[in-house]
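Counting convention: from 1, in listed order, for ligands and their atoms alike. Index from 1, following the sequence.
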Amino acid sequence: MVIEKICCLGAGYVGGPTCSVIALKCPNIKVTVCDKSEERIRQWNSEKLPIYEPGLDDVVRQCRGRNLFFSTDIVNSIQEADLIFISVNTPTKTIGNGKGRAADLKFVEGAARMIADIATSNKIVVEKSTVPVKAAEIIMKILRANTGPGVQYQILSNPEFLAEGTAIVDLVEAERVLIGGEDTPEGQRAIQELCWVYEHWIPAKNIIKTNTWSSELSKLAANAFLAQRISSINSLSAVCEGTGADVSEVARAIGRDSRIGPKFLEASIGFGGSCFQKDILNLIYLCESLHLPEVAAYWQQVVNLNEYQKTRFTRKVIEALFNTVSDKKIAILGFSFKKNTGDTRESPAICVSSTLLDEGAKLHIYDPKVEYEQIMYELTNPYATSDPEKVKRNVEIHDSAYSAVAGAHAIVLCTEWDEFKELDYKRIYDVMMKPAYMFDGRKILDHDKLLSIGFHVQTIGKKLGRASSIRAQGSQTMP
Ligand code: NAD
Ligand code: UDX
């Protein structure tokens, strides 16, 4: 079989960019990205794509209508495809067995059943979604139990390692592509077919071939290791604040050891995003299912530390503001979970904002890419508040940082957008209430300069002289 047509089920943050890059690099392959959501497909076919990702517009503009199509015609796309990516969402279960930890595979199962119902010729089905180990077996069972005569399937695991905000570069210059398959002649042939697609632009030496279960577990393991590094440095940020050490200096010093390496050592208000927490919880559930409580507890601590970091930061904000933020105007700069994306899933800004709202603050929020409806959706959903009407009364969304900060008692910087480094902080200081407080949750600002302007400044992992003395005077509850 030579792959001529690819179908992708799921036009989200993974399906959209991944298939756009495949279409770019494989002009002879027809790539159709399908979604159940008509609205999402309409957006992919419009001038304003449903997700913001640097470089994505350009890739889509080059390929859309040539060999890249976005469609709700799932039946036709499945029928004509030689290879089908399953790139649907795999959220944490919110009800039933494994609630709060296990991955909910209902969308993966739904996709497999669609394929089984529709396919009339042989298909390679590729699991691109992040799934628990052995999920390929579920897909295989569904497909093989519902197969029409003469139709054969091969199931491959091909997890995606892109990070949001850098997805196009991550895909075009992937450090590695991982493909897992069955150790049978048919399984190995299917692996070769998928390798052939990637080899249009990825050097063969960068394509790792494993068995299916190693591939599935490697994805969970990669995210668990990355998140663990962040929790490790964040744990040390608390030690730094208590001792006078500077977490950036510590990160630089330890990162020079090539065994540790310099990346992913930025202390922050905690990791967010749709993957880290979900995938670690998934791993924890797997460990519990395998009766490995010590291993489960080890990974659970990475999540616990992240919760601690988010609440620790918010508590510091409240304590510095004389232990009450009731009716105070607080500007939140940045709402996405990291810079260069409009994605807010599990963003630490949600936890910070919700806690401040609970304490009676009035929030003025600005993010360069997150729209009004999305911020309101996050802050009014039942996980964030029991009183959505109060949230609506106390939140104002702005279209510039300067308008958000006018008259504010404090600024809380939650996302490391580059534009926040370039703001005129003297101008900002002049329009704020005094004393003016700055809480830099991403360590990106010039703290000496802010202090010289007159701000009281607090950041992560570093005790700044003036702010800490004010904080100690202002709060009776500091340890
Ligand atoms: P997403 O929610 O942005 O997109 C998933 C899409 O699948 C939705 O638009 C949904 O409507 C669609 N869908 C669900 N069932 C469908 C079906 N049967 N047929 C057609 N469409 C269907 O999710 P995402 O962020 O793209 O993540 C997808 C998967 O990739 C998840 O398993 C995630 O863990 C994994 N992943 C995500 C990232 C990331 O950065 N977002 C990175 C690596 C891996
Ligand atoms: C992650 C993985 O990096 C990627 O390989 C996987 O495919 C999906 O999950 P993503 O969540 O998009 O990607 O972004 P990432 O850059 O990993 O950042 C996740 C969170 O960690 C963000 O909130 C970010 O601000 C935070 N982070 C990252 C830190 O706090 N410190 C760091 O040093 C790095």
Side-chain angles (χ1 to χ4, degrees), residues 7-19 33-41 43-44 50-51 53 71-72 74 77-78 84-92 103-115 117-118 127-132 135 158-167 170-171 174-176 219-220 222-227 229-234 237 247 251 255 262-280 282 306 309-310 334 336-341 343-349 414-416 441-443 460:
C7 162
C8 174
L9 296 177
Y13 284 87
V14 166
T18 307
C19 286
V33 189
C34 296
D35 207 287
K36 294 188 302 191
S37 159
E38 284 185 16
E39 174 59 11
R40 230 177 191 181
I41 293 300
Q43 290 174 337
W44 279 109
I51 62 176
E53 191 61 64
S71 172
T72 48
I74 295 179
S77 308
I78 289 180
I84 302 168
F85 284 112
I86 298 182
S87 298
V88 301
N89 35 333
T90 49
T92 306
D104 191 340
L105 290 182
K106 69 178 173 193
F107 299 110
V108 171
E109 185 175 336
R113 288 188 186 278
M114 273 179 175
I115 298 169
D117 285 348
I118 296 166
E127 200 181 64
K128 178 137 293 286
S129 299
T130 305
V131 289
N158 171 221
E160 184 47 61
F161 295 103
L162 68 79
E164 289 177 29
T166 53
D170 293 344
L171 288 162
E175 288 175 340
R176 80 328 203 160
K219 175 63 199 177
L220 298 183
N223 274 354
F225 267 62
L226 290 169
R229 275 175 79 92
I230 302 170
S231 280
S232 295
I233 199 73
N234 280 343
S237 73
V247 76
K263 294 184 183 167
F264 257 69
L265 288 178
E266 287 295 347
S268 65
I269 50 175
F271 59 75
S274 64
C275 294
F276 281 169
Q277 176 166 308
K278 162 176 86 70
D279 295 345
I280 298 181
N282 190 338
N306 199 49
Q309 187 75 348
K310 288 187 280 187
S336 58
F337 79 96
K338 63 187 280 198
K339 72 173 179 179
N340 293 339
T341 177
D343 195 350
T344 57
R345 290 178 290 182
E346 302 294 338
S347 175
C414 290
T415 314
E416 74 282 21
R442 295 289 187 160
K443 307 189 288 96
I460 301 281

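Here the closest non-hydrogen pair linking Ala222 and Phe161 is CB-CE2, 4.0 Å. Of all non-hydrogen atoms in Val33 and Cys19, the two that sit nearest each other are CG2-CB, 3.5 Å. Across all non-hydrogen atoms, the minimal contact from Lys310 to Ile269 is CG-O, 3.1 Å. For the pair Ala163 and Lys338, the tightest heavy-atom approach, listed with the atom from each and the gap, is CB-NZ, 3.8 Å.
Annotation for ligand 2: atoms under 4.0 Å from non-hydrogen atoms of Ser268 are 29 (C), 30 (O). Against a heavy-atom cut-off of under 4.0 Å, Lys219 is close to the following atoms of ligand 1: 43 (C). For ligand 1 and Lys278, the ligand atoms under 4.0 Å from any heavy atom of the residue are 33 (C), 34 (O). Each of the atoms 8 (C), 9 (O) of ligand 2 lies under 4.0 Å from some heavy atom of Cys275. Near Phe276, meaning under 4.0 Å from any of its heavy atoms, are these atoms of ligand 2: 1 (C), 2 (C), 3 (O), 9 (O), 17 (O), 19 (C), 21 (O). Every atom of ligand 1 is numbered from 1 in the order shown, and the set under 4.0 Å from a heavy atom of Ser274 is 41 (N). Interface atoms of ligand 2 facing Ala163, defined by a heavy-atom separation under 4.0 Å, are 3 (O), 12 (O), 13 (O), 14 (O). Atom numbering of ligand 1 starts at 1 in the shown order; those under 4.0 Å from a heavy atom of Arg345 are 1 (P), 2 (O), 3 (O), 23 (O), 25 (O), 41 (N). Heavy-atom contacts of Glu164 reach the following atoms of ligand 1: 39 (C), 40 (O), 41 (N) (cutoff under 4.0 Å). Against a heavy-atom cut-off of under 4.0 Å, Leu162 is close to the following atoms of ligand 1: 40 (O), 42 (C). Each of the atoms 7 (O) of ligand 2 lies under 4.0 Å from some heavy atom of Glu160. Listed by number with element, the atoms of ligand 1 under 4.0 angstrom from any heavy atom of Gly10 are 6 (C), 7 (O), 12 (C), 20 (C), 21 (N). Close approach to Glu164 involves these atoms of ligand 2, each under 4.0 Å from a residue heavy atom: 12 (O).
Considering backbone and side-chain atoms together, Ser87 places no N or O closer than 3.5 Å to any N or O of ligand 1. For ligand 1, one of its N or O atoms has an N or O atom of Thr130 under 3.5 Å away. Residue contacts with ligand 2: Leu226 is placed with no nitrogen or oxygen under 3.5 Å of a nitrogen or oxygen of the ligand (distance criterion only). In terms of N/O distances under 3.5 Å, ligand 2 is not approached by Gly270. Below 3.5 Å of separation, one finds an N or O of Asp35 facing an N or O of ligand 1.
Among Leu9, Asn89, Ile41, the residue whose heavy atom lies nearest to atom 14 (C) of ligand 1 is Asn89. Nearest residue to atom 8 (C) of ligand 2 from Ile233, Asp279, Asn306, Leu162 is Leu162 (criterion: closest heavy atom). Among Gln309, Gln277, Lys338, Lys278, the residue whose heavy atom sits closest to atom 14 (O) of ligand 2 is Lys338. Nearest residue to atom 31 (C) of ligand 1 from Thr90, Asp343, Thr341 is Thr90 (criterion: closest heavy atom). Counting only non-hydrogen atoms, the option in Ile230, Leu265, Thr415, Asn340 that gets closest to atom 26 (C) of ligand 2 is Ile230. Here the shortest heavy-atom distance to atom 13 (N) of ligand 1, taken over Val14, Ile51, Val88, belongs to Val88. Of all the listed residues (Ala227, Gly272, Pro262, Gly165), Gly272 holds the heavy atom that lies closest to atom 20 (C) of ligand 2. Selection from Tyr13, Phe264, Phe271 by nearest heavy atom to atom 17 (O) of ligand 2 gives Phe264.
By the 4.0 Å N-to-carboxylate-O rule, Arg345 lies close enough to Glu164 to be salt-bridged with it. Ion pairing between a basic and an acidic side chain is recognised when a charged N comes within 4.0 Å of a carboxylate O; Lys339 and Glu416 show no such pairing.
If you check which protein heavy atom lies closest to atom 25 (O) of ligand 2, you get Arg442 NH1, 2.7 Å. The closest protein non-hydrogen atom to atom 24 (P) of ligand 1 is Tyr13 N, 3.9 Å. For atom 33 (O) of ligand 2, the nearest protein heavy atom (residue, atom name, distance) is Glu266 N, 2.9 Å. Nearest protein neighbour of atom 17 (C) of ligand 1, counting heavy atoms only, is Lys36 CG, 3.6 Å. Of all protein heavy atoms, the one lying nearest to atom 5 (O) of ligand 2 is Phe161 O, 2.8 Å. With respect to atom 43 (C) of ligand 1, the closest heavy atom belonging to the protein is Glu160 O, 3.2 Å.
Of the possible donor and acceptor atoms, one in the side chain of Trp44 sits under 3.5 Å from a partner among the backbone N and O of Ala11.
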Side chain to side chain contact (heavy atoms under 4.5 Å, CB included) between Ile86 and Val131, intermediate numbers included: CA-CA 11 Å; Ile86 298 182; Val131 289; over 6 Å; no
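Not a single heavy atom of Lys339 sits under 4.0 Å from any atom of ligand 2.
Residue-level proximity to ligand 2 for Lys219 is carried by the side chain, the only part with a heavy atom below 4.0 angstrom. Proximity of Arg40 to ligand 1, defined as any heavy-atom pair under 4.0 Å, is confined to the side chain (atoms from C-beta onward).
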